[in-house]
Amino acid sequence: NTNGSSAAILLSNTAAARGNFQLALANLPWPARTHVEIRRVSAAESFDPPLVITNTADPFTMPLQLPSPGVALIRLRPVQD
């Protein structure tokens, strides 16, 4: 968003058979830890409750499973301590 308090990524997998990805995040607009919510739509999932992860700090890498065909909505926001 324009005030730097959240971010979103829409990721699709239309062809990769394995569906194993590494998502690398860097240069987020906040210096603190990040709360990550992942919602997926695939043959097995339909926007089920989100997978929630909290990272240590920017930059970070996280594994992501996304079978083909599938879409993931990844929402990021700073952790409020």
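Values reported hereafter were calculated over all heavy atoms of this structure, with side chains retained and with hydrogens, waters and symmetry mates removed. Nothing here was measured: the structure is a model prediction, and the numbers come from that model.
When all heavy atoms of Asn13 and Leu66 are compared, the pair lying nearest together is ND2-O, 2.7 Å. Contact detail for Gln65 and Arg40: the closest heavy-atom pair is O-NH1, 2.9 Å. Of all heavy-atom pairs between Arg77 and Ser5, the closest is CB-O, 3.7 Å. Taking both residues in full, the closest heavy atoms of Ala15 and Ser68 are given as N-OG, 3.4 Å, listed atom of the first, atom of the second, then distance. The two residues Phe21 and Ala16 have their closest heavy-atom pair at CZ-CB, 4.1 Å.
One hydrophobic cluster, built from ILVMFWY side chains closer than 4.5 Å, cannot hold both Leu51 and Val79; they sit in different ones.
Atom CZ of Arg39 sits in a crowded spot, with more than 12 heavy atoms from other residues, nucleotides or ligands closer than 6.0 Å.
By the 4.5 Å heavy-atom criterion applied to side chains, Asn55 and Leu25 are not counted as neighbours. In this structure, the side chains of His35 and Pro78 stay at 4.5 Å or more apart for every pair of heavy atoms. Under the 4.5 Å side-chain criterion, counting only non-hydrogen atoms from C-beta, Phe60 is in contact with Val36.
If you take CD1 on Ile74 and CG on Leu23, they are separated by 5.0 Å, rounding to the nearest 0.5 Å. For the atom pair Thr34 OG1 and Leu28 CG, the distance stands at 5.0 Å (nearest 0.5 Å).
Here the side chain of Ser12 pairs no donor or acceptor atom with the backbone of Thr14 at under 3.5 angstrom.
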